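Notes to accompany the following structure.
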Amino acid sequence: MEGSKRMRAVLDRRSFLRLGAASGALAAVGGMATTQGWLTPAQATAAPEERTAFTYHNEHCLCNCMLQCTVRDGRLVMVQPRPNSDKRFQNVCLKGISEIEHIYGEARIQSPMRRVGERGSGQFEVISWDEAFKIIAEKFQATIDKYGSQALWIQYSTEASQRFSPLLASILGAQAGGLNGYDMGQGNGQGQAFGWSGMFALNTIWEWKQANVVLMTNCNMLETGMMWSRAFLDAQAAGTKIIVLDPRFTATASKADQWVGLRAGTDPAFFLGMVKYLLDNDLCDREHMLAHTSFPFLVNANTGEVLGEMHDTVDKETGEPKQVKAPYVWDSATGAAVLHDTPGAQPALEGTFTVDGVQYITEYDLLKQQMADYTLDWAEGVTGVPADTIAQVAREYAKGPSIICNGVGGIDKFSNNDIAGHCYALIASLTGNYGKRGTGCGIYHYHTVLSGAKLGAWKLPENSKPTPSKKGFYDIVNTDDVHAAMFFGDIPTQKAANWANTQRWLDSLDFVCVADIYHSSVVDYVDLVLPVCSKFECADSVGGVKNANGYILENQKVLDPLFDSKSDFYIEKGIAEAMGLGDLYPENGEEYARAILTTDDPSCEGITLEALNRENGACKLVLDWDDTVGEEVGMTYATPSTKQEPYYENMLAWGQAFPQWERPNEAYPENPLREKYPLQFSQARSRFRVHSAYSGAKWIQQLFEPHIELNPSDAAARGLVDGDEVEVYNDRGSFRTKLRLNNAVQPESAFMAESTYRQYLEGTLMQSVSNDTMNPRGYDMMFGPMIPYNDTLIEIKKAGE
Ligand SMILES: Nc1nc2c(c(=O)[nH]1)N[C@H]1C(S)=C(S)[C@@H](COP(=O)(O)OP(=O)(O)OC[C@H]3O[C@@H](n4cnc5c(=O)[nH]c(N)nc54)[C@H](O)[C@@H]3O)O[C@H]1N2
Ligand SMILES: Nc1nc2c(c(=O)[nH]1)N[C@H]1C(S)=C(S)[C@@H](COP(=O)(O)OP(=O)(O)OC[C@H]3O[C@@H](n4cnc5c(=O)[nH]c(N)nc54)[C@H](O)[C@@H]3O)O[C@H]1N2
Ligand code: SF4
Ligand SMILES: [Mo]
């Protein structure tokens, strides 16, 4: 999950030995230090040399815990939460604590390596950093000379970009990736109604205490934002009812007050049923609709176009002139159509009116017409949730104050995700559950919501910027635009679905290089591999600074880079130097950190490198509110009318001005493909991983082995038992893993935690089966189309049969 706006596995011994043997073979090539050396117990010395240093941990579990690290005789021996007066931000989990094993683990890449076998063979030889930089420089230059700089693709995994901001793609004018194709699907449908706040809620999770109901959907926050569980439990203790809408009985559902188990991919139907019930039972907030929403606006009864007057204005973000439509309402006092903000007007919420011979209808009445078929019985048929339950949730939600907390798993990874998001905005606007205390919708467990500081940057020459590209990685793999690529972190197996397609693209490249801390899945398919150091290691006193959780955090040196690794920053700088461009880089980490901390943002006042060191690696932002809950959102938005606008005129061509049901792309019940592939396959995050990271963490593997989950009824129907090695397949490909039976998974579906390095899946990849069909509507939306990873049908059989 990325981006923010200020606005408001026990591995069985057999496979583990196999892995050890594989990396041993690599290590033998260059006679590298082995991890065993690091892992022998520290010598008990009479007077051990011990010191403490501070760093921050993962971005991509949404927690960014601030860590206090103890180093004894040169080895990381203890990881604890950094003491903090604000206990909300004094946290650590098992992944953090176990880094004392993980950073020295077998899965680490230890030296730069050049491929010697076929792509995919995993055969490499160790080379020096100088050789590596020279090869990259030559390959990059040859690509630029032959095809232009845009034929070069340089992209960072989210986690790889959490220290110093990447500079290389800008310096070389390479393509750096456009939109991601995930996490913004519900945001695409939700944000417009409230002036594009994006996918994030505009109030904080600490406000949940003030709500009567929090409806969590597509969200397993107690695993995917563990630190935010505090707010969940505090709200419950304060009397807030938490309802979880999820096909699986998750950790979060188990702690909630109510679990509603719907069929995957059917969220829009659940919410459309709710809308119809609210409309039919007079559960909408008329006063709110009249004062703060577009429901009284008039739309052409035939075309759906909004009646209004065009006005010249200036785009706040770009400064460019633009035109906006000022909508009309029907003024009951004068019996005429007037501008919606005409003083003294008494807008009609309902009715059909004739203006200049043309029929207009209020948005509210149009909604009632369009929702006619979405009865509770229909919704029950689609979602599998009893009609009575949908009605009960609707009643409790409408009573308010209520919050919808959406995660970005589940429906976000189905082709109809925007419709679900649009529904949240619609029901919030209908019931007055947006803008005032204890209400709202969006993502709540994110660390810069409302407290995103505008940090400084390292200055590059004026003309330095990546080649503008609207194409995401999901599009690029279907083009021949790119001839050489470099990835910081495993993007090819993580950020794209349908591995066979990605592999075809990788094979078409003249050169591909990956820099990663661990032997991630794509490593075996590239030409050159570079070892990156972890956030506990750096060559300088500082390895990065960032903004999270209302603090500026510092990645202090805890250890020198282990093995022959370097930070992403020094890898970039080494490549730039080999290309004669090294002068464009900061001298070292201190110089880069100071540039980032040079900013006019008043919230960063007094935050210097010295202050960060004095304050043990974290300085609180100076925020302009006292209340820990944050400011009230209020009723004025960056929409054309400044009101809540759940009617999307720009989506008329797609038939989605108001949300309308659309079945998923592949995983819908009537799909004839179901005969071959009867199981819908969901992937979601797990508290034992950060995406694929921790796949190779031995201590975590003792608690969590890679596996796929099936309902016992589906396993029995296939003659499978718990613990079987299975093959998971469809027409796109297949992978192997272990089977676990779980009643928490619905029949006719399968579940797996995403993701796992391929060496722990018998050399196969989960991404081999995932769906990469993009919904064309997505290209017309703010955050682009989304990859429908979960909109996937599969079959499962015993491996080898
Ligand atoms: N099938 C399927 N695929 C999915 C999803 C799904 O649900 N199903 N979810 C999608 C979602 S929501 C997201 S956000 C993406 C996440 O995809 P990414 O943003 O790519 O994931 P990250 O966790 O940021 O990156 C993990 C990689 O970075 C490496 N890494 C970690 N730290 C560093 C570092 O400091 N430097 C370098 N160079 N490498 C580092 C790790 O070893 C690993 O290879 O995946 C998407 N892919
Ligand atoms: N520990 C850990 N934390 C993480 C991450 C990580 O890798 N590890 N990754 C981070 C990232 S990038 C992201 S995007 C977030 C995602 O975190 P969340 O937003 O919590 O999303 P997921 O865990 O992917 O899925 C949430 C739930 O959606 C359910 N679900 C599946 N299909 C449907 C459906 O059709 N409808 C509904 N209503 N629910 C459905 C799944 O069963 C799952 O429990 O987690 C972040 N936090
Ligand atoms: S992995 Fe655990 S310790 Fe690290 S940031 Fe996330 S919750 Fe915190
Ligand atoms: Mo994500």
Side-chain angles (χ1 to χ4, degrees), residues 1-2 60 153 155 157-158 177-186 188 218 264-265 408-418 471-479 482 485 487 489-508 520-522 525 664-668 671 673 677 679-685 689 691-692 706 708 728-737 749-758 761 764-779 781 783-796:
M1 179 138 47
E2 288 146 54
H60 234 179
W153 183 272
Q155 195 181 5
S157 289
T158 309
L179 297 157
N180 271 324
Y182 52 70
D183 292 349
M184 329 262 313
Q186 294 155 98
N188 261 335
N218 300 287
V408 285
I411 199 77
D412 222 81
K413 276 98 174 123
F414 276 92
S415 63
N416 54 3
N417 45 24
D418 58 302
K471 290 195 175 126
F473 189 65
Y474 52 81
D475 279 331
I476 278 294
V477 292
N478 296 312
T479 70
V482 167
F487 300 103
D490 185 349
I491 284 156
T493 78
Q494 187 71 55
K495 288 200 203 262
N498 190 357
W499 165 244
N501 194 44
T502 312
Q503 195 183 350
R504 243 190 325 269
W505 176 80
L506 282 174
D507 284 345
S508 77
S520 56
S521 302
V522 82
Y525 295 91
N665 163 276
E666 180 171 301
Y668 55 97
N671 189 347
L673 197 64
Y677 306 118
L679 303 164
Q680 179 268 330
F681 179 40
S682 277
Q683 311 97 52
R685 268 83 353 230
R689 293 277 165 75
H691 299 287
S692 53
I708 193 162
V728 179
Y729 63 99
N730 60 21
D731 289 343
R732 284 182 287 268
S734 70
F735 68 92
R736 287 171 74 148
T737 191
S749 69
F751 172 78
M752 191 167 180
E754 165 273 313
S755 175
T756 300
Y757 299 154
R758 66 187 281 271
L761 294 179
T764 59
L765 274 157
M766 177 269 282
Q767 213 68 278
S768 300
V769 300
S770 55
N771 188 357
D772 61 343
T773 317
M774 307 306 265
N775 187 331
R777 185 169 66 245
Y779 290 90
M781 297 199 273
F783 305 121
M786 299 294 140
I787 306 168
Y789 304 103
N790 289 342
D791 210 340
T792 294
L793 290 177
I794 54 162
E795 179 54 300
I796 299 186

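What you see is a predicted model; the values in this text were computed from it and never measured.
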query: Are a donor atom and an acceptor atom from the side chains of Q494 and E754 found within less than 3.5 Å of each other?
result: yes

Hey, are D490 and Y757 close enough side-chain-wise for a donor-acceptor pair under 3.5 Å?
-> no

For [X] and [Y], which heavy atoms make the closest approach, and how far apart are they?
| X | Y | value |
| --- | --- | --- |
| F751 | Q683 | CE1-C, 4.3 Å |
| S508 | W505 | OG-O, 2.5 Å |
| M766 | F735 | CA-CD2, 3.5 Å |
| V408 | Q186 | CA-NE2, 3.9 Å |
| P492 | A496 | O-CB, 4.0 Å |
| Y789 | Y182 | OH-CD2, 3.6 Å |

Partner of S415 under side chain to side chain donor-acceptor pair (under 3.5 Å), picked from N790, T773, D791, is D791

Result for side chain to side chain donor-acceptor pair (under 3.5 Å) between N665 and one of N671, N771, N416 points to N771

So how far is it from [X] [atom1] to [Y] [atom2], rounded to the nearest 0.5 Å?
| X | Y | atom1 | atom2 | answer |
| --- | --- | --- | --- | --- |
| S734 | L765 | OG | CG | 10.5 Å |
| T502 | D507 | OG1 | CG | 11.0 Å |
| F681 | I796 | CZ | CD1 | 7.5 Å |
| T756 | Q767 | OG1 | CD | 11.0 Å |
| L793 | Y668 | CG | OH | 9.0 Å |
| D412 | N417 | CG | CG | 5.0 Å |

- Task: For T792 and Q680, run side chain to side chain contact (heavy atoms under 4.5 Å, CB included): C-alpha distance rounded to whole Å, both residues' side-chain angles, the deciding distance at 0.1 Å, then the answer.
- Result: CA-CA 6 Å; T792 294; Q680 179 268 330; over 6 Å; no

> After noting the C-alpha distance and the side-chain angles of Y474 and M786, does the key distance pass the side chain to side chain contact (heavy atoms under 4.5 Å, CB included) rule?
Replying inline: CA-CA 9 Å; Y474 52 81; M786 299 294 140; over 6 Å; no

*asked:* Evaluate F487 against W153 for side chain to side chain contact (heavy atoms under 4.5 Å, CB included), listing each step before the verdict.
replied: CA-CA 8 Å; F487 300 103; W153 183 272; 3.7 Å; yes

Is any NZ, NE, NH1 or NH2 atom of the basic residue among R732 and E666 found under 4.0 Å from an Asp or Glu carboxylate oxygen of the other? yes

Just so I know, are the side chains of [X] and [Y] near enough to count as touching, which here means a heavy-atom distance under 4.5 Å?
| X | Y | value |
| --- | --- | --- |
| P706 | R689 | yes |
| P788 | M774 | yes |
| K413 | D183 | yes |
| R758 | T493 | no |

- Tell me, with the steps shown, if K495 and V477 meet side chain to side chain contact (heavy atoms under 4.5 Å, CB included). CA-CA 11 Å; K495 288 200 203 262; V477 292; over 6 Å; no

Hey, is the main chain of N498 close enough, under 3.5 Å, to the side chain of S770 for a donor-acceptor pair? yes

Quiz item: Is a donor on one side and an acceptor on the other found under 3.5 Å between the side chain of N188 and the backbone of G784?
Solution: yes

